[in-house]
Amino acid sequence: MEPDRRVLRRQLLAWYRARKRDLPFRRTRDPYAILVAEFVLQRTRVKAGLPYYERFLASFPTVRNLAAASEMEVLRVWEGLGFYNRARNLHRASKAIVDRHDGEVPSDLAALKALPGIGDYTAGAVGSIAFGLRAPAVDGNVIRVVARVFRIADYVTRGPAKERVKEVAAELVPDEAPGEWNQAVMELGAIVCVPRVPKCPDCPISSECLAFASGVQASLPVRPTKPRVPVVRVAFVVAEDEGHVFLVRKGEGLHAGMYRESGEDAVRRHLRALGLRPVRVERFAPVSHRFSHLRWEGWAYRCRAAGEARAGEWIALDRLSHVPLIPFHRRLLASAVR
DNA sequence: AAGACGGGGCC
DNA sequence: GGCCCAGTCTT
């Protein structure tokens, strides 16, 4: 028997209103603050993103503030959170909002989705929470809750199961308080209907849950297993030349927009291009770092160069705190220049 | 439809 | 060590 939509809405909304966490982005009505929160929370747990949300708003309190900042300043605030294209896209979005929408976050779905970094989820979240639009916001939590309550047992990443999840999620959104409803489903997925061992005894809608009724909740939703993590051989170099460190700003790809050390060969090439002569290169520390989808293995080198750098990406040691680095590089540099 | 893109939490 | 997370963009 199908879950009762009316019971689902009533029970879950009542639970949410009584038990929701007191989160800073739930205390504001400012569409810009809500937009910032949604960007920060893309593929990121509330616990991990919260400090960054606060820090970001403290640094850029208004959309015009953000639009006026440089990309480097924005990335400095984002440093450590990951998925750095989010920061670049949010920055670009702020500029578009100033240019095309007179500095006001647009209040319709189409205009929201036209902004860089805003897809179906974020448009629905901002639209419903900030502007009361009856739009679904289907994130990982919603997929999990819907797959369980409606016992959707096929791969939710593709095909008809994916469509069914989106369809059900959209149909459940009530006319009244759509923003509260979307947050209620996400809240349930975040603290009760959790991935591994869901807390069904605490669940306000377990009476309507088809997965719970048949005891299969822990095995839903179903996702294809992911490919193996490749190993990348690397050589990182710290070049010492009167206190300068050689850094390369990444254009695109991994860590786009961040500064990082280049590989040994690239450093030698670049040093020569700068009119410098690599004099000595010595290995000083093994490098082993695992990311979510790849692993670095190799060595870090210290090198000394002769000559005087004319120009290029030389950053003085005492200015390292002013450029966006990934945390791994910051730690490596700290150990290298100690 | 699949792959790229971070980093951290948790078992 | 593997899985997952308040996703989006590009092939």
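We use all heavy atoms of the structure for the numbers below, so side chains are in, but hydrogens, waters and symmetry mates are not. Here is the naming used below: chain letters follow the sequence lines, and residue numbers restart at 1 for every chain. Note that this is a predicted model, so its numbers are computed, not measured.
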Worksheet entry | Nearest-Å distance once atom P is located in both B:dC10 and C:dA6 | 12 Å
Worksheet item: For atom P, what is the distance between B:dG6 and C:dT10, given to the nearest Å?
Response: 14 Å
Worksheet item: Are A:Y53 and C:dA6 close enough that a side-chain N or O sits under 4.0 Å from OP1 or OP2?
Response: no
Fill in: N/O donor-acceptor pair, side chain A:T44 with base C:dG7, under 3.5 angstrom
no
Practice prompt. Pick base, sugar-phosphate or nothing for A:G49, based on heavy-atom distances below 4.0 Å to the nucleic acid.
Written response: nothing
Worksheet item: Hey, does A:F25 reach any base, or is it just sugar-phosphate, or nothing, if we go heavy atoms under 4.0 Å?
Response: base
Worksheet entry | Rounded interatomic separation in angstrom, taking CD from A:E79 and P from B:dG7 | 10 Å
Discussion item. For A:K162, I'd like to know if atom NZ has over 12 heavy atoms of other residues, nucleotides or ligands within 6.0 Å.
Written reply: no
Worksheet item: Regarding A:N85 and A:R88, is there a side-chain donor-to-acceptor distance under 3.5 Å anywhere?
Response: yes
Worksheet item: So which nucleotide from C:dA6, C:dG7, B:dG7 ends up closest to the side chain of A:H255?
Response: B:dG7
Item to complete: Between C:dA6, C:dT8, C:dG2, spot the one nearest the side chain of A:T122, thanks.
Response: C:dT8
Discussion item. With a 6.0 Å cut-off (strictly less than), is the heavy-atom count around CD of A:E54, excluding the residue itself, greater than 12?
Written reply: yes
Fill in: Spacing of A:R196 atom CZ relative to C:dG1 atom C1', expressed in whole Å
12 Å
Item to complete: Classify the side-chain pair A:R86/A:T44 by whether it contains a donor and acceptor separated by less than 3.5 Å.
Response: yes
Practice prompt. Remember a base hit wins even if backbone is also touched, and classify A:R223 as base, sugar-phosphate or nothing at under 4.0 Å, heavy atoms.
Written response: sugar-phosphate
Worksheet item: Is the distance from OP1 or OP2 of B:dA1 to the nearest side-chain N or O of A:K162 less than 4.0 Å?
Response: no
Discussion item. Need one value for A:N182: base, sugar-phosphate or nothing, where a base atom within 4.0 Å counts as base even if backbone is also close, heavy atoms only.
Written reply: nothing
Worksheet entry | N or O in side chain of A:N141 less than 4.0 angstrom from C:dA6 OP1/OP2 | yes
Worksheet item: Once you round it to whole Å, what is the distance between P of B:dG8 and CH2 of A:W78?
Response: 15 Å
Practice prompt. Quickly work out the A:L41 CG to B:dG8 P distance and round it to whole Å.
Written response: 16 Å
Item to complete: Would you classify A:R158 as touching base, sugar-phosphate or nothing, given that sugar-phosphate means primed atoms plus P, OP1 and OP2, and contacts are heavy atoms under 4.0 Å?
Response: sugar-phosphate
Discussion item. Can you see if the side chain of A:R43 gets near the phosphate of B:dG7 - specifically, an N or O under 4.0 Å from OP1 or OP2?
Written reply: no
Practice prompt. Round to a whole Å and report the spacing from CD1 of A:I191 to P of C:dA6.
Written response: 11 Å
Discussion item. Distance check needed: C:dA6 C1' versus A:Q42 CD, whole Å only.
Written reply: 9 Å
Practice prompt. Just call it for A:L81: base, sugar-phosphate, or nothing, with non-hydrogen atoms closer than 4.0 Å on any strand.
Written response: base
Worksheet item: When you match A:A256 and A:G159 each to their closest nucleotide on DNA chain B, which lands nearer the 5' end?
Response: A:G159
Fill in: Among C:dA6, B:dC11, C:dC4, the nucleotide that comes nearest once only the side chain of A:P195 is considered
C:dC4
Fill in: A:R144 CZ - C:dC3 P separation (whole Å)
16 Å
Discussion item. Categorize A:G189 for me: base, sugar-phosphate, or nothing, with a 4.0 angstrom heavy-atom threshold over every strand shown.
Written reply: nothing
Discussion item. If I take atom CD in residue A:E252 and atom P in nucleotide B:dA4, what distance separates them, rounded to the nearest angstrom?
Written reply: 14 Å
Discussion item. Closer than 3.5 angstrom, by distance alone: can the side chain of A:T122 be matched with the main-chain N or O of A:G119 as a donor-acceptor pair?
Written reply: no
Item to complete: For A:K113 and for A:L23, find the nucleotide of DNA chain C with the closest heavy atom, then tell me which residue's nucleotide is more 5'.
Response: A:L23
Worksheet item: With a cut-off of 6.0 Å (strictly less than), are more than 12 heavy atoms of other residues, nucleotides or ligands near CZ of A:R19?
Response: no
Worksheet item: Hey, are A:E79 and A:R76 close enough for a salt bridge, meaning a charged N less than 4.0 Å from a carboxylate O?
Response: yes
